Amino acid sequence: MASAQVTGTTVQRPHAGGGAGSRGRARDWAEIQERMLVPLYQAVHQRLEVGPATSLLGLGCRSGLALLLAAERGAQVAGLESEAELRELAEGRRLRVSDAEGVDRPGRPVARSAYSLVTVFEELAYVGEPARLVAEAAALTLQGGHVVLAGWGPPERCESAAVLDVARRRSGRIPACDPFALSAPGALEELCAGVGLRAAGSGRVSCPFAYPDLDSAVRGMLSTGLYEAAIEEWGPALVTKELEEALHPYVQRDASVRMANVFRYVVAEQPH
């Protein structure tokens with residue numbers, strides 16, 4: 001998988017390399033998978049008392065559910081998202097989302113140059129140089145404002161780790177993203193310290209992945225974009241078959257699928 005690159009003020013994911021919009025799976029992300037992270041979004045919003053006094057920028061905001069939840073709390077929200085399909089879905093939620101060059105679809109520049117809160121909820125799993133992305137987030141944060149970085153918790157605490165391992169095993173010649181690359185203790189904090197941000201707290205949040213059936217589980221996991229290298233190498237049929245096999249232990253008696261997972265976030269402050 002090709003590495004994502006920071007372009008302007010956000011991350012540019014290559015079309016072939018992943019992101020929820022790859023190969024037309026953006027709608028599956030918006031309708032199936034994105035809601036699995038609502039506990040994470042809500043925990044961060046509550047901890048930072050997101051409300052009318054908050055100006056919030058979502059880096060790699062995808063189809064914008066986290067922004068929508070913040071807007072419902074009264075925050076002024078904007079997003080940056082490189083994938084056109086995902087931007088269109090976010091705009092369908094009446095959200096202001098710009099492309100990788102910081103220009104929204106009507107051609108107007110992003111309204112603000114700095115925000116009181118910048119969130120990076122999913123994007124760290126896709127970038128080859130996460131420090132560059134965190135530097136971008138810090139540059140867009142007001143003095144005294146906050147940056148939030150999030151990612152998967154320890155693989156031993158995440159039942160989805162075995163399912164995600166299909167992506168690693170089948171990536172072949174194309175390097176696959178490692179969703180657990182920053183799950184070690186202190187890894188996210190080190191990224192923040194490296195760009196001059198000051199640690200201001202952290203937390204772990206239970207985010208179970210629950211689907212009504214196996215088909216929805218497969219579609220949801222594929223929509224994460226983490227399997228694109230495997231699909232490039234082996235094709236969708238084989239990857240889907242292996243995903244179904246990996247998901248089988250988590251199929252419940254009623255045919256639903258449920259996997260317990262933990263996500264971690266850190267809060268860092270932009271010093272005055």
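Just so you know, these numbers come straight off a predicted model, no measurement behind them.
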Summary of side chain to side chain donor-acceptor pair (under 3.5 Å) pairs that have at least one residue in [range], sequence neighbours excluded:
range: residues 146-161; answer: Ser160-Asn261
range: residues 244-253; answer: Lys241-Glu245
range: residues 176-187; answer: none
range: residues 211-222; answer: Asp28-Arg219, Gln33-Tyr211, Asp213-Ser216

Identified side-chain contact (heavy atoms from CB on, under 4.5 Å) partner of [X] from the options [options]:
X: Leu56; options: Leu67, Val118, Val148; value: Leu67
X: Leu243; options: Val218, Leu238, Leu214; value: Val218
X: Leu65; options: Leu95, Val38, Leu37, Leu89; value: Val38

With sequence neighbours left out, write down each residue that passes side chain to side chain donor-acceptor pair (under 3.5 Å) with [X], or none if nothing qualifies.
X: Arg93; result: Glu34
X: Glu242; result: Arg169, Arg170
X: Gln42; result: none
X: Glu190; result: none

Exercise. What pairs with Glu72 under salt bridge (charged side-chain N to carboxylate O under 4.0 Å, His left out), at least two apart in sequence or on another chain?
Worked result: none
For this session: List in chain and number order the residues that pass salt bridge (charged side-chain N to carboxylate O under 4.0 Å, His left out) with Arg35, two or more places apart in sequence or in another chain; answer none if no residue qualifies.
Result: none
Problem set entry | Shared hydrophobic cluster for Ile32 and Met221 (ILVMFWY, side-chain gaps under 4.5 Å) | yes
For this session: Please determine if Arg264 and Glu189 form a salt bridge, counting it only when a charged side-chain N lies under 4.0 Å from a carboxylate O.
Result: yes
Exercise. With a 4.0 Å cut-off, would you call Arg87 and Glu81 a salt bridge?
Worked result: no
Problem set entry | Residue pairs involving residues 78-97 (criterion ring-ring contact (aromatic ring centres under 6.0 Å, His included); sequence neighbours excluded) | none
Exercise. Does anything in residues 59-96 pair up under ring-ring contact (aromatic ring centres under 6.0 Å, His included), and if so which pairs, sequence neighbours excluded?
Worked result: none
